[in-house]
Trainee: 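Handing you this structure, nothing more for now.
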Amino acid sequence: MIELSEVTKVYPGGVTALGGVSLRIDRGELVAIVGPSGSGKSTMLNVLGTLDRPSSGTVRIDRYDVARLSDASLSALRATRIGFVFQQFHLASGVRALDNVADGLLYSGLRSSVRRERAATALERVGLGHRMDHEPHELSGGERQRVAVARAVAGEPAVLLADEPTGALDSASGAGVMELLRDLHAGGTTVVVITHDRDIAAALPRQVRMRDGLILEET
Ligand code: ADP
Ligand code: MG
C-alpha cells in the first residue's frame with residue numbers, strides 16, 4: 001500500500017533528516033515507528049503521508065509514484081486515502097466536536113447534511129456520541145484526541161497515520177487512544193503510529209526502529 005525506496009530528506013539549511021530509508025507497509029498492517037527525538041520519525045511520516053516530498057528516492061502509494069502526480073492529484077489522493085492524527089490534536093477552537101469532524105470532509109464533495117451525519121457516526125465510533133456539541137475547551141485531552149481520530153477516519157481512509165498520538169496525554173487517556181487505534185485496525189484500517197514510548201511500540205505487531213535518519217532494525 002505504501003512503499004518508500006531509498007528516501008532521503010535534506011531540509012533547507014542542510015539537516016539530513018532521512019539518510020536513505022526503504023520501508024514497505026502492506027494493507028491491514030498495524031505498525032509502530034519508534035526512536036528518540038530528532039531521529040526523523042515525523043519527517044518520515046510526512047513523506048509517507050505526502051505532506052512533504054523527499055529530496056531523493058521514491059514514494060509509492062497504491063502503486064502511484066507520488067513524484068509523478070500533480071499537486072491537485074496528490075491532494076485528492078491524500079484527502080481520500082489518508083487520515084492524520086497529531087500530538088497536539090489540531091482541532092478548531094470555538095467549534096463543536098460535530099463540526100470539527102464534519103469540516104474534515106469539506107473537500108469530499110458531500111452535502112453538508114451528509115457530512116454531519118458521517119461526522120456523528122464517526123464520533124459515536126470513538127465513544128463520543130454524548131459530546132458532539134462540546135467545544136474543544138469543554139473536553140478532556142483524551143476526548144480531544146478522540147475527536148481528532150474521528151475526524152481522521154470520518155472519510156474512511158485506507159490508512160491512518162498518527163504522529164505521537166498519546167504524547168500529550170496522561171497514561172490512562174493514552175491507553176484509551178491506543179485501544180481505539182487497535183479497534184480501527186481490527187476494522188480493516190491500516191494504522192501507522194509514531195511513538196518514542198517503547199512500551200507502546202512493544203505492544204504493536206510490527207516495530208520499525210529509527211535513529212539518526214535511518215531505519216536500524218525491524219521486529
Ligand atoms: P522526530 O520526529 O523523530 O523527533 P523529526 O523528523 O522531527 O524527528 O526531525 C529530524 C531532524 O530534522 C531533526 O534534527 C530536526 O531538527 C530536523 N528538522 C525537522 N523539521 C525540520 C525543518 N522543517 N527544517 C529543518 N530541519 C528540520
Ligand atoms: Mg516528531
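Each ligand, and each atom within it, is numbered from 1 in the order the structure gives. For reference, positions follow the sequence shown, starting with 1.
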Trainee: What is the closest protein heavy atom to atom 18 (N) of ligand 1, and at what distance does it sit?
Mentor: Y11 CE1, 3.4 Å
Trainee: Between S55 and T8, is a side chain to side chain donor-acceptor pair (under 3.5 Å) present by the stated rule, with each step listed?
Mentor: CA-CA 5 Å; S55 303; T8 70; 4.6 Å; no
Trainee: Below 4.0 angstrom from a heavy atom of A17, which ligand 1 atoms are there? Numbered from 1 as shown, please.
Mentor: 10 (C), 11 (C), 12 (O)
Trainee: Using only heavy-atom distances, determine whether the side chains of T50 and R78 contain a donor-acceptor pair under 3.5 Å.
Mentor: yes
Trainee: State if P36 counts as touching ligand 1 under the rule of any non-hydrogen atom under 4.0 Å.
Mentor: yes
Trainee: Contact between G38 and ligand 1, counting heavy atoms under 4.0 Å?
Mentor: yes
Trainee: Could you point out which residue of H137, E143, E135 forms a side chain to side chain contact (heavy atoms under 4.5 Å, CB included) with L139?
Mentor: E143
Trainee: Determine whether D133 and R131 satisfy the following criterion, salt bridge (charged side-chain N to carboxylate O under 4.0 Å, His left out), listing intermediate values before the conclusion.
Mentor: CA-CA 6 Å; D133 293 327; R131 292 286 184 269; over 6 Å; no
Trainee: Does the pair D103/R116 count as a salt bridge with the N-to-O cut at 4.0 Å?
Mentor: no
Trainee: Between D170 and S173, is any side-chain donor less than 3.5 angstrom from a side-chain acceptor?
Mentor: yes
Trainee: At a non-hydrogen distance cut-off of under 4.0 Å, which region of V15 contacts ligand 1 (side chain, backbone, both, or neither)?
Mentor: side chain
Trainee: With the threshold set at 4.0 Å, does a side-chain nitrogen-carboxylate oxygen contact exist between D71 and R53?
Mentor: yes
Trainee: So, 4.0 Å and heavy atoms of S37: is ligand 1 close enough to count as a contact?
Mentor: yes
Trainee: Might you check, step by step, whether the distance between atom 16 (O) of ligand 1 and some protein heavy atom is under 4.0 Å?
Mentor: no
Trainee: Look at atom 7 (O) of ligand 1 and say which protein heavy atom is nearest, naming residue and atom and giving the distance to 0.1 Å.
Mentor: S42 CB, 3.7 Å
Trainee: Between ligand 1 and G40, is the shortest N or O to N or O distance under 3.5 Å?
Mentor: yes
Trainee: Looking only at protein heavy atoms, which one is nearest to atom 9 (O) of ligand 1, and how far off is it?
Mentor: T43 OG1, 3.9 Å
Trainee: Side-chain donor-acceptor pair under 3.5 Å between Y107 and T80, yes or no?
Mentor: no
Trainee: Output yes if Q87 passes the N/O/S-under-2.8 Å test against the Mg ion (ligand 2); output no otherwise.
Mentor: no
